[in-house]
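To find a chain, count down the sequence lines: A is the first, B the second, and so on, and within it residues start at 1. Quick caveat, the model's predicted, so the values are computed rather than measured.
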2 protein chains.
Amino acid sequence: MIRISKKVEYALMALKFISQSDNKLVTAREISDTKKIPYDLLSKILQKLKNENILISNQGTNGGYSLNKRTDEIYLFNLMNMLDGDVAVADCMHEAKEKDCSLEDSCSIKSEVAKLQKEVEDVFKNKTISDFV
Amino acid sequence: MIRISKKVEYALMALKFISQSDNKLVTAREISDTKKIPYDLLSKILQKLKNENILISNQGTNGGYSLNKRTDEIYLFNLMNMLDGDVAVADCMHEAKEKDCSLEDSCSIKSEVAKLQKEVEDVFKNKTISDFV
DNA sequence: TCTAATTTGGACTAATATAGTCCTATTTGA
DNA sequence: TCAAATAGGACTATATTAGTCCAAATTAGA
């Protein structure tokens with residue numbers, strides 16, 4: 001839902017770490033060790049961020065990751081979407097599938113919940129990685 | 001976390017329903033039937049709201065619930081707290097126990113997460129039941 | 001060309017949180 | 001005394017999140 005999951009938390013820490021490494025390539029192991037983040041989980045996250053063009057990766061010996069965007073171009077809201085999927089304040093606010101709400105007919109609060117959704121979204125859309133650095 | 005769980009959703013629907021019943025006592029069965037909410041679950045929610053002085057209950061035949069506060073005195077943020085416990089954008093933002101964050105030392109993003117917490121809290125603190133009626 | 005360091009990525013398990021159910025009291029008006 | 005209601009503990013089921021395990025592919029350097 002709308003929250004900073006462990007994945008997002010780890011992503012923020014990793015991105016911050018990478019952004020502070022003066023263009024030197026950073027390995028998953030390095031981040032995992034200094035930040036005490038489970039290695040396998042972190043790897044998955046970095047791979048995802050690479051596939052989403054947030055990071056650039058170099059494989060093999062001496063490989064590692066580097067940023068592919070400026071920190072102020074990476075939005076928290078997007079990170080959350082990438083890592084945890086649809087960001088929604090309530091089950092019925094999932095865009096993708098309209099997650100067929102069983103209450104549809106009897107629900108009397110949907111429009112206000114939608115308003116809430118927008119307000120909360122805005123908070124997360126207004127934060128970028130640069131805010132965390 | 002910070003979201004409208006089913007419990008909160010049902011509470012909002014129920015409170016709206018009760019607020020629109022002109023002081024007539026409303027039974028859990030009545031709400032459950034017309035709003036298609038699982039009866040047992042709804043009962044628990046109403047009992048909780050009664051214990052938190054949001055509702056007044058009358059037991060026995062012809063019993064039921066009525067509001068104990070004006071709708072604009074019932075804050076969404078408080079409802080969430082009552083029904084789902086501590087409202088937090090991240091695990092480390094739980095007040096009660098400081099939920100001993102294993103990253104404590106290596107975490108480099110806590111202050112910004114705290115800022116975020118406050119911003120999101122404010123959204124929920126600025127909504128009352130009257131917004132949903 | 002071999003080896004070690006590294007990313008890649010699928011499949012699985014464990015832990016936790018949420019949602020829902022079942023059952024038995026207790027209260028009270030008619 | 002009965003039926004309609006709230007009260008509430010204990011339990012089960014489901015979904016989500018977190019974390020682990022394993023094997024492959026890539027690449028620099030000895």
**Prompt:** Looking at CD1 of B:I129 and CG of B:L76, how far apart are the two atoms once the value is rounded to the nearest 0.5 Å?
**Reply:** 7.0 Å
**Item:** Whole-Å gap separating C1' (C:dT18) and CE (B:M80)
**Value:** 14 Å
Identify all pairs in which a protein N or O lies below 3.5 Å from an N or O of nucleotides 9-11 of chain C, and state each distance.
from: C:dG10; atom 1: O6; to: A:K44; atom 2: NZ; distance (Å): 2.4

Please list, for nucleotides 28-30 of chain D, all pairs of protein and nucleotide N/O atoms separated by less than 3.5 Å.
from: D:dA28; atom 1: O3'; to: A:N62; atom 2: ND2; distance (Å): 3.2

**Request:** Locate the shortest heavy-atom distance separating B:L116 from A:F124; write the atom from each residue and the value.
**Result:** CD2-CE2, 3.7 Å
**Item:** Distance in angstrom units between A:D91 CG and D:dT14 C1', rounded
**Value:** 12 Å
**Prompt:** Between A:E112 and A:K115, is there a salt bridge with N-O shorter than 4.0 Å?
**Reply:** yes
**Message:** With the threshold set at under 4.0 Å for non-hydrogen atoms, list the residues of residues 8-37 of chain A touching DNA chain D in residue-number order.
**Reply:** A:Y10
**Item:** Contact check, side chains of A:V133 and A:Q20, non-hydrogen atoms, under 4.5 Å
**Value:** yes
**Asked** Whole Å only: how far is the CG atom of A:L49 from the P atom of C:dT8?
**Response** 11 Å
**Message:** Do A:M82 and A:V87 land in one hydrophobic cluster if side-chain heavy atoms of ILVMFWY residues count as linked below 4.5 Å?
**Reply:** yes
**Asked** Does B:Y75 belong to the same Ile/Leu/Val/Met/Phe/Trp/Tyr cluster as A:V89, with side-chain heavy atoms less than 4.5 Å apart forming each link?
**Response** no
**Request:** Round to a whole Å and report the spacing from CD1 of B:I4 to C1' of C:dT18.
**Result:** 15 Å
**Prompt:** In whole angstroms, how far is the P atom of D:dG19 from the CG atom of A:D84?
**Reply:** 12 Å
**Item:** Lys/Arg-Asp/Glu bridge criterion (N-O < 4.0 Å) met for B:K118, B:D122
**Value:** yes
**Message:** Under 4.0 Å between a side-chain nitrogen and a carboxylate oxygen: does that hold for A:D84 and A:R3?
**Reply:** no
**Asked** Which part of the nucleic acid, if any, lies within contact of B:N58, taking any heavy atom under 4.0 Å across all strands shown: a base, the sugar-phosphate backbone alone, or nothing?
**Response** sugar-phosphate
**Prompt:** Counting just side-chain N and O atoms, does B:S57 come under 4.0 Å of either OP1 or OP2 of D:dA5?
**Reply:** no
**Request:** For salt bridge (Lys or Arg N to Asp or Glu O under 4.0 Å), just list the numbers for B:E9 and A:K110, CA-CA rounded to whole Å, side-chain angles, deciding distance to a tenth of an Å, and then say yes or no.
**Result:** CA-CA 10 Å; B:E9 203 174 287; A:K110 190 157 180 179; over 6 Å; no
**Protein-nucleotide distance (A:L42, atom CG; D:dT20, atom P), rounded to Å** = 12 Å
**Item:** A:K6 or B:Y39, whichever maps to the more 5' nucleotide of DNA chain D
**Value:** B:Y39
**Connected via hydrophobic side-chain network under 4.5 Å: B:F77 and B:L79** = yes
**Message:** OP1 or OP2 of C:dT8 versus the side-chain N and O atoms of A:Y65: is any pair under 4.0 Å?
**Reply:** yes
**Request:** Using atom types as modelled and distance alone, determine if a side-chain donor or acceptor of A:K35 lies under 3.5 Å from a backbone N or O of B:S106.
**Result:** yes
**Request:** Could you verify whether a donor N or O on one side chain and an acceptor N or O on the other, from B:D72 and B:T128, lie under 3.5 Å apart?
**Result:** no
**Whole-Å gap separating P (C:dT18) and CG (B:D86)** = 12 Å
**Request:** Could you check how far CG of A:L41 sits from C1' of C:dA15, rounded to whole Å?
**Result:** 14 Å
